[in-house]
Protein chains: 2
Amino acid sequence: MESKRTSPIGRPRGFDADEALERAVRVFWAQGYEGASLDDLTGAMGITRTSMYRAFGNKEELFRQALQRYTEGPASYVARALGQPTAREVATTFLAGAIRSTTQPDCPAGCLGVQGSLAAGESGRRARDLLAAWREGGTAYLRERFQRAVDEGDLPVGADPGLLARYLMTVANGIAVQAAGGTAADELQLVADMALQTWPPARS
Amino acid sequence: MESKRTSPIGRPRGFDADEALERAVRVFWAQGYEGASLDDLTGAMGITRTSMYRAFGNKEELFRQALQRYTEGPASYVARALGQPTAREVATTFLAGAIRSTTQPDCPAGCLGVQGSLAAGESGRRARDLLAAWREGGTAYLRERFQRAVDEGDLPVGADPGLLARYLMTVANGIAVQAAGGTAADELQLVADMALQTWPPARS
DNA sequence: AGACTTCGGTATCAGTCGGTACCGAACGCC
DNA sequence: GGCGTTCGGTACCGACTGATACCGAAGTCT
């Protein structure tokens, strides 16, 4: 039984949903969830409100999918960092990726996961909570990675994986705020270097 | 020539403008500039739109005054930190104050200067820029203080006051984001302690 | 060819946004 | 008391918010 169709029935959509989503990411990134109106979004996506609602459901769902897209794109440095062989390399790669992503010249400054919705009115509460969970998820990934590092003997037995993860995420979020305010990448790299000076030494 | 009046002419206002402003601070703090509607604000302030406009000008001006009030109130820890006798005490007091202020149980979590408006649509752009300048001003104060510390011999001659200031502000802003996400004060204090381990030693 | 399904555009919805005109009420000054 | 001024409340403004109903167009399937 092959249920896969060569093409879905009915009129095919006349735009590239992937590219439209990517445009939406930029708008949410630059203006936040509440600050991005449907006109802003559909204008940048190059489609009408009707097409957006049919393809993505509603504004909140569009934001959800935009966040996922952001995770796989601009924020893919997180997964890349987690894959580094040592805890120290995880940390340095993570912060370097955060700096690079938040100061990319052809992208909005800052981090969608931070400035997308930190404080919000009633209408943006769901988006705010979604982002808080997203950030907390990142912290959890780091914690698990550092726990593994302790287990593997890559970090001292006394090291606290939860604290190291929280510390890194705190610095990264601070970097995102700085970047949103216009601080340059090279200056942020000096900050990251300083933050990494306290990193526990690898066990020999 | 005494131009001072015992009381201004005309009908006196029937509410405490200071207390109303303090209520407005809470709303902006919790919901951000764009997320706080006039109904939210005036409802919390206990006054009508008309009274608000007469007393404060408009929403943007109200936000300006709320930010100033916030600076003198919840964010007064900055000035207190700057007055500490040594650079190290400035740093520890600054971060401790940031943690305390962003996790106060009877106040919104986080920092108004960060979550008030990080990313915004057209209507909130002025507020966003105002807050960016506010944060940059805090960094400048720290830099001047650390420059003085270098001059006074309190910090090593090789220390970079600008980097130290940026570093501290980055960690503090990161703490604010963590606090907005619900991270507890004691956990943030551990992060601050770790961040301060790299602090340059005082010259003996 | 004709049935069926989806797409995209227009036009519109009720609700909310920030901001104001208007007016009677309440006060200080003379 | 009368005048001038400010206050506070109602009622309203045009613009915009997110979200839909409707309908012809454009496809696939039998």
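Bear in mind the structure is a predicted one, so any value in this text is a computation, not a measurement. Chain naming here is simple, since letters A, B, ... match the order of the sequence lines and numbering starts at 1 in each.
- A salt bridge links B:Arg69 with B:Asp18: the closest approach of a Lys/Arg side-chain nitrogen to an acidic carboxylate oxygen falls below 4.0 angstrom.
- Regarding B:Leu38, its CG atom lies at a distance of 6 Å from the P atom of C:dG19, rounded to whole Å.
- When each of A:Phe94, A:Tyr141, A:Trp199 is tested with A:Phe146 by the rule ring-ring contact (aromatic ring centres under 6.0 Å, His included), just one qualifies, namely A:Trp199.
- For A:Arg54 and C:dG8, a side-chain-to-base donor-acceptor distance below 3.5 Å is present, hydrogens and geometry of angles not being considered.
- Note: CD (B:Glu122) to P (D:dT17) measures 11 Å, nearest angstrom.
- The aromatic rings of B:Trp134 and B:Tyr70 sit tilted, their planes meeting at an angle between 30° and 60°.
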- prompt: Given A:Tyr77 and A:Arg100, is the side chain to side chain contact (heavy atoms under 4.5 Å, CB included) satisfied, shown in steps?
  reply: CA-CA 9 Å; A:Tyr77 67 88; A:Arg100 178 183 174 82; over 6 Å; no

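- For A:Arg126 and D:dG18, the CZ to P distance is 16 Å, given to the nearest whole Å.
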Can you pull every protein N or O that's under 3.5 Å from an N or O on nucleotides 24-26 of chain C?
residue	atom	partner	partner atom	Å
C:dA25	N3	B:Arg11	NH1	3.2

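- Closest non-hydrogen pair, B:Ala185 versus B:Thr103, comes out as CB-OG1, 3.4 Å.
- The nearest whole Å value for the distance from the CD atom in A:Glu34 to the C1' atom in D:dT17 is 12 Å.
- Between the P atom of C:dG19 and the CG atom of B:Leu62 lies a distance of 10 Å, rounded to the nearest Å.
- The backbone N or O of B:Gln178 lies less than 3.5 Å from a partner atom in the side chain of B:Thr183, making a donor-acceptor pair.
- No side-chain N or O of B:Asn173 forms a donor-acceptor pair with one of B:Thr170 less than 3.5 Å apart.
- What separates OH of A:Tyr53 from P of D:dC22 is a distance of 18 Å, to the nearest Å.
- Side chains of B:Gln189 and B:Asp193: a donor-acceptor N/O pair is present below 3.5 angstrom, by distance only.
- Residues of residues 16-29 of chain A that place a heavy atom closer than 4.0 Å to DNA chain D do not occur.
- Straight-line distance from the CZ atom of B:Arg13 to the P atom of D:dG9: 13 Å, rounded to whole Å.
- Under 4.0 Å is where a charged nitrogen must lie from a carboxylate oxygen, and between A:Arg64 and A:Glu60 at least one such pair does.
- Distance from the side chain of A:Asp39 is smallest for D:dT17 among the nucleotides D:dT17, D:dG18, C:dC17.
- Proximity of residues 40-52 of chain A to DNA chain C (heavy atom under 4.0 angstrom from any strand atom) is restricted to A:Thr48, A:Thr50, A:Ser51.
- The environment of CZ in B:Arg126 is sparse: at most 12 heavy-atom neighbours from other residues, nucleotides or ligands sit within 6.0 Å.
- Annotation: cation-pi geometry not satisfied between B:Lys59 and B:Phe28 (NZ/CZ under 6.0 angstrom from ring centroid, within 45° of ring axis).
- The residue B:Ala36 sits close only to the backbone: its heavy atoms come under 4.0 Å of sugar-phosphate atoms, none of a base.
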